[in-house]
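The structure displayed is predicted, hence computed values, not measured ones. Protein chains get the first letters and strands the later ones, always in sequence-line order, with residue 1 at the start of each.
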2 protein chains.
Amino acid sequence: MVSSRDVAKHAGVSQSTVSRVLNDPSKVNDQIVKKVQEAIKALNYRPNSVARSLVSNRTRTIALISGPLHNPFFVETTTSIVNYAESKGYRTMVFFENTGENKPIYEEVLSERVDGILLSSIFRDDPIFDDLQNLDIPVIMYNRRHNKGGNFVEIDNMQSGRLAASHLLGLGHQHICVVGGPDHTSTFYGRKQGFLEEYKTLTGTEVPPSFIKDTNTTEGAVHESIVEVMSCTPPPSAIFAATDAIAIYVMDKLQQMGFHVPEDVSVCGMDNVTLAKHQSFQLTSIGHKGPKNLGLISAEYLIEMMENPSEQQVQITLEPVLYDRKTTKS
Amino acid sequence: MVSSRDVAKHAGVSQSTVSRVLNDPSKVNDQIVKKVQEAIKALNYRPNSVARSLVSNRTRTIALISGPLHNPFFVETTTSIVNYAESKGYRTMVFFENTGENKPIYEEVLSERVDGILLSSIFRDDPIFDDLQNLDIPVIMYNRRHNKGGNFVEIDNMQSGRLAASHLLGLGHQHICVVGGPDHTSTFYGRKQGFLEEYKTLTGTEVPPSFIKDTNTTEGAVHESIVEVMSCTPPPSAIFAATDAIAIYVMDKLQQMGFHVPEDVSVCGMDNVTLAKHQSFQLTSIGHKGPKNLGLISAEYLIEMMENPSEQQVQITLEPVLYDRKTTKS
DNA sequence: CCTTTCTGTGAATACGTATTCAAAGGGAAC
DNA sequence: GTTCCCTTTGAATACGTATTCACAGAAAGG
């Protein structure tokens, strides 16, 4: 591998001069700049970014720990984050959350020298939180958040749950089921709690336990809970799926069981994923107003924090809106 | 930032000993190992991977330049690649192909010190090919390939096109349209050529030019070409979409225009994406037999090449199979 | 002509680790 | 007791770059 010393020798100058030509050519005589640049071309020299990082103590790399891509929400956020980072001159190291244990991934990220971390994989009381806070680089959680706070970009999940409840109750549904995920995840917890709370406020009654389904968000588990809930008497006439990804599984299973959406069962999702607006789905969903997804917003803040270090926090909770499409009716 | 020297001082040993404890504790007296490990914990020391990379000349990082995630094919390959690399102790730097100019991304990857490169973004006569070959690290192209060869993992695209033609003609269709992408991409070129060739062999006639649609694979362009082709007299009764992603756009637009699939129009996709098997689609598609997607296969070979460097080439062309589902009929 | 300032350059060093080399000490074999 | 070898350790060095420091020479000002 050709080094800046080789270039220096070839151009008849010192290594320092080569370095200067690369970083601030104005400090070097024009003639010499030319000579060095010719040597660089002749030898096909590329600066070793590892050595650069060692001395500058910056890698221009961010780590992204994303939820799985079979959830279209993370397809959008990952795309936005990687492309935005690239446009700002940063590379993105991508990891995908494991269903089970994320310890190895966190270990990997912590030992890695990155300039910032974005993650959606945090749990409400995740013990990794303190380790992340103790790093001297910016860390932002998006979509999900931790009980203790930190930096996060989220949507108001409680309020979203309330919106779903009032929408479906407003359509006249009496029997509504909520299909969500594990309570240790802030999104699922908030959306469910908001839903249950508003349901009680508006109806004066509780949602029966058999209509509250916490899945592990896999297709199989969602299908199973739909089979269970649709065999109740009476079955629900409306379902609030805590994510669009779940909503799609739900609709799939309903169709497969011979039910029609929304004629037999209304379905309301959440996240307002691009796929949801799609012709084939036209899914009623809950999302925030802006054009930027949560991943992109958090990436913008992260890079801002990386470039202008200061003690400021990023704690953003966006207002939810209901996008009323074709999968819910009275 | 705490360094191995700090740990050494804290433990009353030399920096070399700390390094040895980290890399091969058997070389160090048990008592001292213990002391050093305690110091590591006490100071919360983490080895600086940048410095490690500088001396070892390995980053344990691979670069992935993937097609866009709105194509579900790349969702699957990206997931497989990242997770497989992680399981083997490698991190993945992810980039997404630009529709226009990929030069900046290649520059970035080339200047980066990675141990291997996977890319699907290559064009048949892409000038970047030579630069990539001249690197002294393994490079594998998956899905697409370059005219000049190199290392690649692909499906036999010509044969796939022939399969599609014989399948649709075998069902009795007389008017068949092919919707593909730019000819400078090996997949689109091969699939189209194979299709046209087999069509001519079996019917003795050429596919009319108005039934050959090269799009830029965006939803808008695909929709536009469907509008055009369905307004021909007679319109096609079958469509071969060169990727499942295109097939989904095609079916969407057909539905929207009031056509039924497969009653009015048969649609055959290609890539055999998981989404295609899905309840809502049940898309007839062409893919290869094995359970591993092209990205995963290429990742396995890449890491093999990285760990056992030798001059061997990887040139794999998989046999295509037709998966006959519900979107094609006579 | 002398001093001061400024510009351009090279030598030396730092970054944090792995590794080589030398040396010290202990044990075994004779 | 001497020789040899093995184990264990620390000192020194290398990796490739950015940067500091010192110095030389030129320009400027008197």
Over all strands shown, is A:Asn23 touching base, sugar-phosphate only, or nothing at heavy-atom distances under 4.0 angstrom? sugar-phosphate

For B:Phe123, which residues count as a ring pair (Phe, Tyr, Trp, His ring centres under 6.0 Å) partner, sequence neighbours excluded? B:His184

Side-chain donor-acceptor distances from residues 130-141 of chain A under 3.5 Å, at least two apart:
unit_1: A:Asp130; atom_1: OD1; unit_2: A:Lys148; atom_2: NZ; d: 3.2
unit_1: A:Asp130; atom_1: OD2; unit_2: A:Lys148; atom_2: NZ; d: 3.2
unit_1: A:Asn134; atom_1: ND2; unit_2: A:Asp130; atom_2: O; d: 3.2

Distance check needed: C:dG16 C1' versus B:Leu43 CG, whole Å only. 15 Å

Under the side-chain contact (heavy atoms from CB on, under 4.5 Å) rule, collect the residues that match up with B:Asn57, sequence neighbours excluded. none

Atom-pair distance (CG on B:Leu22; P on D:dT9), nearest Å: 15 Å

Provide, to the nearest angstrom, the distance between the CD1 atom belonging to A:Ile40 and the P atom belonging to D:dG16. 16 Å

Nucleotide N/O of nucleotides 11-15 of chain D paired with protein N/O under 3.5 Å:
unit_1: D:dA11; atom_1: N7; unit_2: B:Ser16; atom_2: OG; d: 3.3
unit_1: D:dA11; atom_1: N6; unit_2: B:Ser16; atom_2: OG; d: 2.9

Under 4.0 Å: is that the gap between some side-chain N or O of A:Thr17 and OP1 or OP2 of C:dT9? no

Please tabulate, for the side chains in residues 43-51 of chain B, all donor-acceptor contacts under 3.5 angstrom to protein atoms that are two or more places apart in sequence or on a different chain.
unit_1: B:Asn48; atom_1: OD1; unit_2: B:Val50; atom_2: N; d: 2.7
unit_1: B:Asn48; atom_1: OD1; unit_2: B:Ala51; atom_2: N; d: 3.1

Check side-chain contact (heavy atoms from CB on, under 4.5 Å) between B:Arg124 and all other residues, then give those that pass, not counting sequence neighbours. B:Asn147, B:Ser186, B:Tyr189

Among residues at least two apart in sequence or on other chains, which ones pass side-chain contact (heavy atoms from CB on, under 4.5 Å) with B:Thr61? A:Met93, B:Thr59, B:Arg91, B:Met93, B:Val114

Not counting sequence neighbours, list each pair that qualifies as a salt bridge (Lys or Arg N to Asp or Glu O under 4.0 Å) and has a residue in residues 48-67 of chain A. A:Arg58-A:Asp115

Ignoring backbone atoms, test whether A:Ser3 places a side-chain nitrogen or oxygen under 4.0 Å from the OP1 or OP2 oxygen of D:dG16. no

Using a 4.0 Å heavy-atom cut-off across all strands, classify B:Val50 as base, sugar-phosphate, or nothing. nothing

Kindly state each residue pair satisfying salt bridge (Lys or Arg N to Asp or Glu O under 4.0 Å) with at least one member in residues 290-301 of chain A, sequence neighbours excluded. A:Lys292-A:Glu300

For the helix from C:dC1-D:dG30 to C:dC30-D:dG1, what angle separates the axis at the start from the axis at the finish, each from five pairs, in steps of 10°? 50°

Looking at residues at least two apart in the chain, or sitting in another chain, which of them share a side-chain contact (heavy atoms from CB on, under 4.5 Å) with B:Pro25? B:Val33

So what does A:Val18 touch, heavy atoms closer than 4.0 Å: a base, only the sugar-phosphate, or nothing? nothing

Just how far, in rounded Å, is C1' of D:dT17 from NZ of A:Lys9? 16 Å

Interatomic distance, A:Asn57 CG vs C:dT17 P [rounded to whole Å]: 11 Å

Atom-to-atom span, CG of A:Asp24 to P of C:dT9 - whole angstrom: 13 Å

Pull out every residue in residues 28-37 of chain A that has a heavy atom closer than 4.0 Å to any atom of DNA chain C, ordered by number, or say none. A:Val28, A:Asn29, A:Ile32

Hey, mind stepping through B:Leu294 and B:Ile316 against side chain to side chain contact (heavy atoms under 4.5 Å, CB included) and telling me if it holds? CA-CA 10 Å; B:Leu294 299 182; B:Ile316 296 181; over 6 Å; no

Evaluate the ring planes of A:Phe74 and A:Tyr142, with Trp represented by its six-membered ring, and classify them as parallel (under 30°), tilted (30 to 60°) or perpendicular (over 60°). perpendicular

Taking it one step at a time, do A:Ser14 and A:Thr17 satisfy side chain to side chain donor-acceptor pair (under 3.5 Å)? CA-CA 5 Å; A:Ser14 74; A:Thr17 299; 3.3 Å; yes

Take atom CZ of A:Arg58 and atom P of D:dA18, then tell me their distance rounded to the nearest Å. 14 Å

